[in-house]
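What you are looking at is a predicted structure, and each value in this text was computed from that prediction instead of being measured. Whatever order the structure lists them in is the order used to number ligands and atoms, beginning at 1.
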Amino acid sequence: MKIILGPASTALGEKIADLTGFGKVSTAHKTFPDGESYVRLEDNVQNEHVVIVQTTSMPQDTRLMQLAFMANAAKRNGAQKVTAAVPYLAYARQDKMFLQGENISIETVAAMLKAAGVDALVTVNIHAEDALNKFPFPSKNLSAIPLLADYFVKEGYGKAFALAPDKGAMYIARQAQAVLRGEAGYLEKQRDRYTGKTSHTGKDFNVKGQTAIIFDDIISTGGTIVGAAKILRELGATHVFAACVHPLLIGDAETRILDAGVEEIVGTDSVPSHTSKVTLAPLFAEWLRAQKSG
Ligand code: R5P
């Protein structure tokens with residue numbers, strides 16, 4: 001196996017290559033004056049199973065095109081198999097037709113990647129795992145929640161309360177709870193499908209005097225975490241933290257979250273930023289090693 005260092009995830013790709021001992025394929029990339037993307041593989045991939053490490057966070061469309069171009073380049077240059085390792089898979093939240101006239105964006109993305117040459121895909125905490133069932137190639141979803149929870153254990157917050165900001169994220173809180181070994185619970189969240197605005201209703205659980213950590217897959221505008229943090233503070237939590245796999249942190253999300261009483265935001269290098277305190281490298285490395293030996 002060889003790791004192709006996608007331009008959006010070069011540092012993560014390097015770490016995965018170091019942990020696995022797999023060879024590295026560097027990439028050259030540029031943007032043409034009209035905004036179009038260009039990518040070239042700088043090392044030999046003949047007869048190799050290549051793993052392209054490329055996140056598709058902002059700018060999503062550019063990074064998706066780069067991924068498709070790398071897959072096509074790998075196949076055209078003799079790669080025997082192309083696996084896309086995509087920490088943040090763009091468009092995964094549009095996995096249904098919520099309103100009449102909509103499309104299913106993630107289906108289109110998967111079809112495009114297949115056409116480009118992708119044979120398999122591995123991602124992390126995709127918003128709804130069911131979306132992978134419709135992909136035209138074998139796909140795997142890994143969870144980084146245990147790694148995030150472990151960060152807090154190492155910081156001395158074992159036994160903290162793991163909060164899911166909505167019922168659908170309770171499986172995430174349960175994964176965190178298994179590492180933290182404290183209590184877990186969820187809030188009721190309502191989202192307006194037209195405005196995207198969310199509101200929360202508190203549940204009956206006791207966080208008074210406790211450390212509480214809100215776990216979510218994504219922080220985008222921060223509205224979800226802000227609503228949850230306010231409720232935790234009202235319920236008397238002493239320390240409130242926010243942990244997520246994909247810290248998109250659009251606009252002033254970070255400021256709004258900290259203003260709502262969150263002491264620290266902890267994310268992963270799925271979307272590299274100063275909140276990326278946890279690396280996904282061991283997660284990918286373990287899965288890739290298992291693929292090689294299996
Ligand atoms: C939605 O259900 C997701 O799990 C996240 O809670 C959501 O995407 C976060 O978005 P925002 O930060 O804009 O509230």
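- For the 3.5 Å distance criterion, the side chains of Q177 and E183 fail to qualify, holding no donor opposite an acceptor.
- Residue H127 has at least one heavy-atom neighbour below 4.0 Å for each of these atoms of ligand 1: 1 (C), 2 (O), 3 (C), 4 (O).
- Every atom of ligand 1 is numbered from 1 in the order shown, and the set under 4.0 Å from a heavy atom of D217 is 3 (C), 4 (O), 5 (C).
- Which parts of ligand 1 touch D216 is read off a 4.0 Å heavy-atom cut-off, strictly below it: atoms 4 (O), 5 (C), 6 (O).
- Classification of D119 and K75 as a salt-bridged pair holds, one side-chain N sitting under 4.0 Å from a carboxylate O.
- For the side-chain hydrogen bond (donor to acceptor under 3.5 Å, both in side chains) with Y91, the lone residue among D61, T108, T56 that qualifies is D61.
- Under the side-chain hydrogen bond (donor to acceptor under 3.5 Å, both in side chains) rule, R63 has a single partner from S9, S57, S37, which is S57.
- Residue-ligand proximity, G222 to ligand 1, at heavy-atom distances under 4.0 Å covers atoms 11 (P), 12 (O), 13 (O).
- A cation-pi arrangement is not found for K2 relative to F22, the charged atom failing to lie both closer than 6.0 Å to the ring centre and inside a 45° cone about the ring normal.
- In this structure, P165 does not count as a contact residue of ligand 1, since none of its heavy atoms falls inside 4.0 Å of the ligand.
- Of all atoms in ligand 1, listed by their number and element, those nearer than 4.0 Å to a heavy atom of I219 are 12 (O).
- In this structure, Y157 has its ring center at least 6.0 angstrom away from the ring center of Y151.
- Ligand-side atoms of ligand 1 in range of R93: 8 (O), range being under 4.0 angstrom from any heavy atom.
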